[in-house]
Amino acid sequence: MFDAEAFVNEKVEEIKGAIDGKAIIACSGGVDSTVAAALVSRAIGDRLLTIYVNNGFMRKGETEAVEAMFKRVGMNYRLIDASDEFFDAMKGVIDPEKKRKVIGERFIRVFERVAREYGAKYLVQGTIAPDWIESGDGVRDTIKSHHNVGGLPKDMDLILVEPLRDLYKDEVRKVARYLGVEVAERQPFPGPALAVRVIGEVNRESVAIVREACAIVEEEMEKAAAAGKMTLPWQYFAVLLPCQTVGVQGDVRAYGRTIAVRAVESVDGMSASYSKVPHEVLERISVRITNEMKSDVNRVVYDITNKPPATIEYE
Ligand code: XMP
């Protein structure tokens with residue numbers, strides 16, 4: 001049985017010994033990076049600077065919500081708007097692995113700049129076991145390069161500290177509850193953010209479409225769960241597919257884009273089954289997306305694939 005208290009005590013001592021100066025951590029407000037930040041700040045206090053990098057691919061309202069959380073917790077933090085440089089870097093990038101590598105590298109370049117200004121030589125990351133397992137380690141095949149592992153450039157000049165490396169998601173949540181981290185029950189969200197939910201080129205327009213669709217999926221599933229119509233899936237979101245199909249709006253032909261809705265049940269993200277979301281909830285999502293986003297989207301499909309053979313995210 002995993003013992004969160006023993007884990008925290010052991011890691012805090014280990015981190016005290018490992019970090020002899022200042023460190024930075026990039027925190028997206030997700031469970032892994034927030035737990036890593038809480039753990040390391042227990043060990044080194046204000047020698048840790050928490051940064052939130054807005055890459056332009058975050059969900060609706062996310063930046064504001066994360067900043068409010070940092071303030072409530074009293075973190076030593078800085079917000080960095082790097083969206084222009086991320087969107088520039090994504091021009092013409094279609095291949096999923098290339099996308100992840102470009103994003104990973106951009107993140108590191110931002111971290112290096114901030115670390116230089118702050119005088120930090122350590123970079124803390126909330127990497128967990130599935131991140132490096134799926135990224136391949138010379139033994140296993142690369143399923144996808146998680147941004148914080150396979151996406152790291154070789155010439156990075158920061159020393160990595162990864163206190164959660166050996167944990168799985170369910171164990172990270174136990175540590176989060178033990179530390180009183182308020183995001184313990186949040187659904188997972190990938191580091192490359194909405195960029196891996198746009199199949200095809202990531203630009204301001206495509207991200208805006210998937211951001212709106214994701215917000216509708218989250219809102220409707222959370223509302224239905226609160227009303228007792230379903231239990232909230234382990235993860236639930238929208239993906240913008242790279243195809244257009246024919247439709248009809250009023251009595252006029254439409255040729256619009258397609259949104260896939262994905263919802264899965266899982267324990268640790270290593271395997272998953274698709275969620276049996278009630279049809280009335282799916283219908284409500286479809287009606288809202290095609291009404292509220294009618295100039296862009298005219299078709300919504302529900303993904304009924306388990307992992308394996310699919311992965312949870314599409315890229
Ligand atoms: P897949 O898509 O590989 O995802 O089945 C398993 C879980 O990991 C999340 N995920 C990521 N998390 N960095 C992260 O921190 C990443 O690059 C990344 N890619 C996928 C995914 O959302 C799911 O919960």
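All values below were derived from every heavy atom in this structure, side-chain atoms included, with hydrogens, water molecules and symmetry-related copies excluded. Just follow the structure's listing: the first ligand is 1, and inside any ligand the first atom is 1.
Between W234 and ligand 1 there is a heavy-atom distance shorter than 4.0 Å. Distances from ligand 1 to the non-hydrogen atoms of P130 include no value under 4.0 Å.
Looking at K307, R100, E313 and measuring to atom 17 (O) of ligand 1, the nearest heavy atom belongs to R100. In this comparison of M270, E134, R262, the heavy atom closest to atom 3 (O) of ligand 1 sits on E134.
Neither side chain, T305 nor Y274, offers a donor N or O lying under 3.5 Å from an acceptor on the other. Side-chain atoms of E313 and Q235 include a donor-acceptor pair closer than 3.5 Å. At a cut-off of 3.5 Å, with distance as the only test, a side-chain donor of R299 or T245 sits close to an acceptor on the other residue.
Geometrically, R262 does not engage Y236 in a cation-pi contact defined by less than 6.0 Å to the ring centre and at most 45° from the axis. Stacking of R59 on the aromatic ring of F189 is recorded, both the 6.0 Å distance cut-off and the 45° axial limit being met.
The CD atom of E162 lies 3.5 Å from the OG1 atom of T127; values are rounded to the nearest 0.5 Å.
Heavy-atom contacts of K144 reach the following atoms of ligand 1: 1 (P), 2 (O), 3 (O) (cutoff under 4.0 Å). For ligand 1 and G269, the ligand atoms under 4.0 Å from any heavy atom of the residue are 6 (C). Within ligand 1, counting atoms from 1 as listed, the ones closer than 4.0 Å to a heavy atom of Q235 are 21 (C), 22 (O), 23 (C), 24 (O).
Of all the heavy atoms of P188, the ones lying under 4.0 Å from any atom of ligand 1 belong exclusively to the side chain.
For ligand 1, the polar-atom distance check finds an N/O of I312 within less than 3.5 Å of one of the ligand's N/O atoms.
A salt bridge does not link E218 with K223: every distance from a Lys NZ or Arg NE/NH1/NH2 to an Asp or Glu carboxylate oxygen is 4.0 Å or more.
Ranking the protein heavy atoms by distance from atom 20 (C) of ligand 1 puts H146 CE1, 3.6 Å first. Nearest non-hydrogen protein atom to atom 12 (N) of ligand 1 is P190 CA, 3.6 Å. With hydrogens left out, the protein atom closest to atom 14 (C) of ligand 1 is G191 N, 3.4 Å, a heavy atom.
For the salt bridge (Lys or Arg N to Asp or Glu O under 4.0 Å) test with E185, the passing option among K174, R177, K169 is R177; the others fail.
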